[in-house]
Protein chains: 2
Amino acid sequence: MLGTNICRVTASAQPSARTARTRERLLAAALDLFSRNGYDGTTVAQVAAAAGVTEMTFYRHFGSKEALLLEDPYDPLMVAAVGRQPVALPPIVRVVRGVRTAWEQVPIEDAAPVRERVRIAGGSPALRASMHANTRRSQEAIARQLVDDGADAVAAAVASSAVMAALMTALLLWAQGEDADLGAAITGALDVLDVGAGPKG
Amino acid sequence: MLGTNICRVTASAQPSARTARTRERLLAAALDLFSRNGYDGTTVAQVAAAAGVTEMTFYRHFGSKEALLLEDPYDPLMVAAVGRQPVALPPIVRVVRGVRTAWEQVPIEDAAPVRERVRIAGGSPALRASMHANTRRSQEAIARQLVDDGADAVAAAVASSAVMAALMTALLLWAQGEDADLGAAITGALDVLDVGAGPKG
DNA sequence: CGACAAATGTTAGTTCCTAACATTCAGGAT
DNA sequence: ATCCTGAATGTTAGGAACTAACATTTGTCG
C-alpha cells in the first residue's frame, strides 16, 4: 500500500508519453496540495486545476481521490516469502517471518517518498481505513498460500489479517517518526507477533 | 463494532419516546432495505422514505449512512480483560487472552441480530474498511493499557492492532457461516495468535 | 495532408453530507 | 383547554466525490 510496494513488476503495457506526463503532474500537484492543506482540505477540483487539467481527467488517471495515494499493485513478494517458510511452523509464525524477510531488505533510499504518502494517509481516518481495504488482495493471497500448504481456512485468514494490520501499524508509526531505516522498523515491529522465538528466529 | 458491543453501558440521558421511535423505524427500514438491496444499492433517501421521514432526519439520528450500521460505543470490557492478564506475558499474548476471555462469555441469544449487521458490512468493501476505523478507539485504549503496564509503545500498538484485525476477520467469517456460537468462533480464531500455549492456555 | 485513435473536455446527473432557517409537535404552567 | 417553550422535524440550498454520454482536441502514421 501507499507506494510501499516492494516488488518491481509494475507496468504492463507502457502508456503514451503524454499520459505519463499528465499523470505525473496530477500526482505532484496532489502530493503538494495534500501536504500543505491536508487530504480532506484538498478537493479533486483543486488538484486537477493545479495540474492544468479537468476533474474528469483526474478520474481517468486515478479511479478515485483515495486511489491516487493508496494505489499499489498486488505485491507477490510477501506471498512468496511466506511460502518459503517451513510448513511445519504455525501459520501465524510463517506469515510473520515471511513478511518480515520480504521487508527487511528494502533499501533505505526508497523510504523517503514512501514516508510522505504514509504520513498523509495516517492523517485522515478515512484514508487509514482504506489502507486496510487496499491490503486485502495481499492478505487473501497469503491466506490462500497457507491453505494450499494445509492450514485451516480460519487460521489462515486470521493470521494473515493480523500480520497485515501489524505491518500497517508499524508503517504508520515509522512514518510519524524520523527513523530512516524502514526495514528495521518493520522487522522490529513484527517481532512482537513472533513470540515463539527471539528476534530473527 | 456492528452492534457487537459486549458492554451494556449504552445510553446516557434517555431520549424522548418520540426520538426513540423514529430511530427504531429508521433502523428497521435500513436493515430491511440493506439486506434486500444491499448496502451500496440502498440510498439514504430510500431509507428515510421507508421510515416516513426526511433525509435530514436520518442524518440527525445517525451521523452518516455508515454510522447506522457500525455505530457502537467504546467497549471497556476488552481493555479491562487485557489489563487483568499477567503483566509478565508478552504484549501480544496478553491482548489475545484478554480479548478472548472478554468474548467467550457472549450469550448465544445475542448473536442473531449481530450476524445480520456483520453480514451486511462484510458485503461492502467500503464498510469493511470502516469497521477498522471503528475499532480504533478500543485499539488505542488497549495499547494505552499495555503501555501503562510497562510495554514498549510500538509493541503495544502492533499487538493491539493485530488482535483487533484478527477479531474482525473472525467475526466476518462467523457471520458468513451458520455456526450459532459466536464466542466459540472467536475463541478458536484467536488461538491462532497465541502460539505459546495450546488453546485456552 | 488526412484519417484514425487516444487523450481530454463538456455537461448533466446521482449520492452522501452540511448549514441555515422555518415549521410542527409534545408537555408543562396558567 | 390555552398558551408557551423547547425539542423534533421539515425545507431549501449547496459542496464534494463520483459517473455516464457525448463532443472535442491532439498526436501519430500512412
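Below, read A as the first sequence line, B as the second, and so on, with proteins coming before strands; counting in each chain starts at 1.
- Of the candidates C:dA20, D:dC18, C:dT8, D:dC18 carries the atom nearest the A:Ser64 side chain, counting heavy atoms from C-beta on.
- A straight line from CD of B:Glu24 to P of D:dA8 spans 15 Å, rounded to a whole angstrom.
- For A:Thr22, the side-chain atoms get nearest to C:dT8 when compared with the rest of C:dT8, C:dC16, D:dT9.
- The backbone N or O of A:Leu89 lies less than 3.5 Å from no partner atom in the side chain of A:Arg94, so there is not a single donor-acceptor pair.
- Here the side chain of A:Glu55 is nearest to one of C:dT10, D:dC18, D:dA8, namely D:dC18.
- In this structure, the nucleotide among C:dG9, D:dT19, C:dT18 sitting nearest to the side chain of A:Tyr59 is D:dT19.
- Using a cut-off of 4.0 Å between Lys/Arg side-chain N and Asp/Glu carboxylate O, A:Glu104 and A:Arg100 are scored as not salt-bridged.
- Between the CZ atom of B:Phe58 and the C1' atom of C:dC16 there is a distance of 10 Å, rounded to whole Å.
- Annotation: of the two residues near DNA chain D, A:Arg21 and A:Thr43, the 5′-most nearest-nucleotide partner is A:Thr43.
- Side-chain contact, B:Thr19 with B:Ser16: a donor N or O sits under 3.5 Å from an acceptor N or O.
- The listed nucleotides are C:dT10, C:dA7, C:dC16; the one nearest the side chain of A:Met56 is C:dT10.
- Here D:dC18 presents its P atom at 16 Å from NE2 of A:His61, a figure rounded to the nearest Å.
- For a distance-only test at 3.5 Å, the side chain of B:Arg60 qualifies as a donor-acceptor partner of the base of D:dG10.
- The phosphate of D:dG10 (OP1 or OP2) has a side-chain N or O of B:Thr57 nearer than 4.0 angstrom.
- Among the nucleotides D:dT9, D:dG27, D:dA17, the one closest to the side chain of A:Arg18 is D:dG27.
- The CG atom of B:Leu68 sits 14 Å away from the C1' atom of C:dC16 (whole-angstrom rounding).
- In this structure, A:Thr19 reaches the sugar-phosphate backbone alone: every heavy-atom distance under 4.0 Å involves primed, P, OP1 or OP2 atoms, never a base.
- In this structure, the CZ atom of A:Phe62 is 14 Å from the P atom of C:dA7, given to the nearest Å.
- Counting only distance, with no hydrogens or angles, the side chain of B:Thr54 and the backbone of B:Met56 share no donor-acceptor pair below 3.5 Å.
- In this entry the distance linking CG of A:Asn37 with C1' of D:dA16 reads 16 Å, nearest Å.
- Phosphate proximity of C:dA7 to A:Ser16: present, with a side-chain N or O under 4.0 Å from OP1 or OP2.
- Between B:Thr54 and the phosphate of D:dG10, there is a side-chain N or O to OP1/OP2 separation shorter than 4.0 Å.
- For B:Glu66 and C:dT15, the CD to P distance is 17 Å, given to the nearest whole Å.
- Atom-to-atom, CZ of A:Arg25 to C1' of C:dA7 comes out at 12 Å; the value is rounded to the nearest Å.
- Annotation: side chain of B:Leu69 is not in contact with side chain of B:Phe62 (no heavy-atom distance under 4.5 Å).
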